[in-house]
*Asks:* 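I'd like to ask you about the structure that follows.
Because the structure is predicted, anything quoted here is derived from the model rather than measured. Throughout, numbering of the chain's residues begins at 1 and tracks the sequence.
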Amino acid sequence: MARPEPEPNVEAKPQPEAKPKAEPKVDPDPEPESEPESEPESEPESEPDGDREAEPDKSSASTRGRRSRSRAWAHKAIHESYADAKLRSAKWKSHGFRISPDVLTRLKDRLNADRRSTGNSGLAIGHYVDAALRHVPSAIEDQIEMAEAFGENQLWDTEKTQPSTYRVGEEAYQLASNLKLTLQEAAFGRRGTQVVSAGIERFLDALDAEGPLQRPDRRRPER
């Protein structure tokens, strides 16, 4: 009998690899919107310490305004005296004054400086005397106290005062013309020079503290 021939080894043909299905294109995720930054919480205002003054409320704003204006009064006083002398010159009168020599010298120096800074050569000593006397304390006791303090600083001043005449407004004239009698009634007679000189010195100190005098701002009419 013939032997059966062995079956040839048939190599298995490799199956073609299945192509992977293309995944559908997916749009990249949009970047997440940044969350709005939260505003930092404001720290609660600390209550004022015992030694620190609490800020005044709005109801006192007008009072603060009046106080701030009163602290800077000298420049405004000069502007007012000059304007009053121009607009109501008929009410200004001449009066004789005795002013301490060193105060008078200082007054003249200030006058010349203010003429230069303002360009106003019409400024005169009478405007300064008027402004100073209008701001002298109204109470006679305060006038005497001011004059005594001035007199103590003038103990070694032997230079004599000289009478001079200046034109001043109604209020200053009223004070100056009644000053002699008023001081006599208060047992402080023959000290009128000290009262006037002390008032002018106080005024000059305020002017120096406020700096060079400038022309006032012009007021434009509202349309």
*Asks:* Can you run down the salt bridge (Lys or Arg N to Asp or Glu O under 4.0 Å) pairs that involve residues 166-177, sequence neighbours left out, and say none if there aren't any?
*Replies:*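 Of all non-adjacent pairs touching residues 166-177, none passes salt bridge (Lys or Arg N to Asp or Glu O under 4.0 Å).
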*Asks:* Mark yes or no for whether R202, through its side chain, and H135, through its backbone, hold a donor-acceptor pair below 3.5 Å.
*Replies:* yes
*Asks:* List for me each residue that meets side chain to side chain contact (heavy atoms under 4.5 Å, CB included) alongside N178, sequence neighbours excluded, and say none if there are none.
*Replies:*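 N178: side chain to side chain contact (heavy atoms under 4.5 Å, CB included) contacts with Q174, T182.
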*Asks:* Do Y166 and W92 have their ring centres less than 6.0 Å from each other?
*Replies:*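 No: the rings miss the under 6.0 Å criterion.
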*Asks:* Side-chain donor-acceptor pairs under 3.5 Å in residues 144-154, sequence neighbours left out?
*Replies:*
unit_1	atom_1	unit_2	atom_2	d
N153	ND2	A149	O	3.4
Q154	NE2	D102	OD2	3.3

*Asks:* To the nearest 0.5 angstrom, please state how far the CG atom of D114 sits from the OG atom of S121.
*Replies:*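 The distance works out to 13.0 Å.
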*Asks:* Can you list every pair that meets salt bridge (Lys or Arg N to Asp or Glu O under 4.0 Å) and has a residue in residues 118-127, with sequence neighbours left out?
*Replies:*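 Of all non-adjacent pairs touching residues 118-127, none passes salt bridge (Lys or Arg N to Asp or Glu O under 4.0 Å).
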*Asks:* Checking the side chain of S89 only, and the main-chain atoms of K86 only, is there a donor and an acceptor separated by less than 3.5 Å?
*Replies:*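 No: the side chain of S89 does not pair with the backbone of K86.
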*Asks:* What heavy-atom pair brings D142 and P137 nearest, and what distance separates the two atoms?
*Replies:*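 So the two residues come closest at CB-CB, 3.5 Å.
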*Asks:* Locate the shortest heavy-atom distance separating L133 from A176; write the atom from each residue and the value.
*Replies:* CD1-CB, 4.4 Å
*Asks:* Suppose we screen for salt bridge (Lys or Arg N to Asp or Glu O under 4.0 Å). Which residues come up paired with R88, at least two apart in sequence or across chains?
*Replies:*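 Listed in chain order: D84.
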*Asks:* Which pairs count as salt bridge (Lys or Arg N to Asp or Glu O under 4.0 Å) when at least one residue sits in residues 188-197, sequence neighbours excluded?
*Replies:* none
*Asks:* What's the separation between atom CZ in R98 and atom OG in S164, rounded to the nearest 0.5 Å?
*Replies:* 9.0 Å
*Asks:* Nearest 0.5 angstrom please: N112 CG to L107 CG, how far?
*Replies:* 9.5 Å
*Asks:* Excluding sequence neighbours, so at least two apart, what forms side chain to side chain contact (heavy atoms under 4.5 Å, CB included) with P216?
*Replies:* H79
*Asks:* Please find the pair of heavy atoms, one from A186 and one from I140, that lie closest to each other, and give the distance.
*Replies:*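 Scanning both residues, the minimum pair turns out to be CB-CG1, 4.1 Å.
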*Asks:* Under a 4.5 Å cut-off applied to non-hydrogen side-chain atoms, are Y128 and I78 in contact?
*Replies:*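 Contact flag for Y128/I78 side chains = yes.
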*Asks:* Distance check, rounded to the nearest 0.5 Å: I99 atom CD1 versus I200 atom CD1?
*Replies:* 3.5 Å
*Asks:* Go through the structure and list residues passing ring-ring contact (aromatic ring centres under 6.0 Å, His included) with H95, not counting sequence neighbours.
*Replies:*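 Only F97, Y173 meet the ring-ring contact (aromatic ring centres under 6.0 Å, His included) criterion with H95.
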*Asks:* I need the minimum non-hydrogen distance between A74 and A206, along with the two atoms involved.
*Replies:* CB-CB, 3.7 Å
*Asks:* In Å, rounded to the nearest 0.5 Å, how long is the span from CD of E201 to CG of L104?
*Replies:* 13.0 Å
*Asks:* Check the pair V168 / K93 against side chain to side chain contact (heavy atoms under 4.5 Å, CB included), numbers first and verdict last.
*Replies:* CA-CA 6 Å; V168 294; K93 299 178 182 178; 6.0 Å; no
*Asks:* Is the side chain of Q184 donor-acceptor paired with the backbone N or O of G189 at a distance under 3.5 Å, no angle test?
*Replies:* no
*Asks:* Is there a side-chain contact between L204 and L207 in this structure, where contact means two heavy atoms from C-beta onward sitting under 4.5 Å apart?
*Replies:*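 L204 vs L207: side chains touch.
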*Asks:* Can you name the residues that form a side chain to side chain contact (heavy atoms under 4.5 Å, CB included) with T118, not counting sequence neighbours?
*Replies:*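 Listed in chain order: N120, L123, L213, R215.
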*Asks:* Can you name the residues that form a salt bridge (Lys or Arg N to Asp or Glu O under 4.0 Å) with D208, not counting sequence neighbours?
*Replies:*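 Salt bridge (Lys or Arg N to Asp or Glu O under 4.0 Å) check on D208 returns R106, R110.
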*Asks:* Which atom names give the shortest non-hydrogen contact between S100 and S197, and what distance separates them?
*Replies:* N-OG, 2.9 Å
*Asks:* Which heavy-atom pair separates T161 from P101 by the least distance, and what is that distance?
*Replies:*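 Residues T161 and P101, closest heavy atoms: CG2-CD, 3.8 Å.
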*Asks:* According to salt bridge (Lys or Arg N to Asp or Glu O under 4.0 Å), does anything in residues 116-135 pair up with another residue at least two apart or in another chain? List the pairs.
*Replies:* E80-R134, D130-R134
*Asks:* Which residues pass the side chain to side chain contact (heavy atoms under 4.5 Å, CB included) test with A90, sequence neighbours left out?
*Replies:*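 A90: no side chain to side chain contact (heavy atoms under 4.5 Å, CB included) contacts found.
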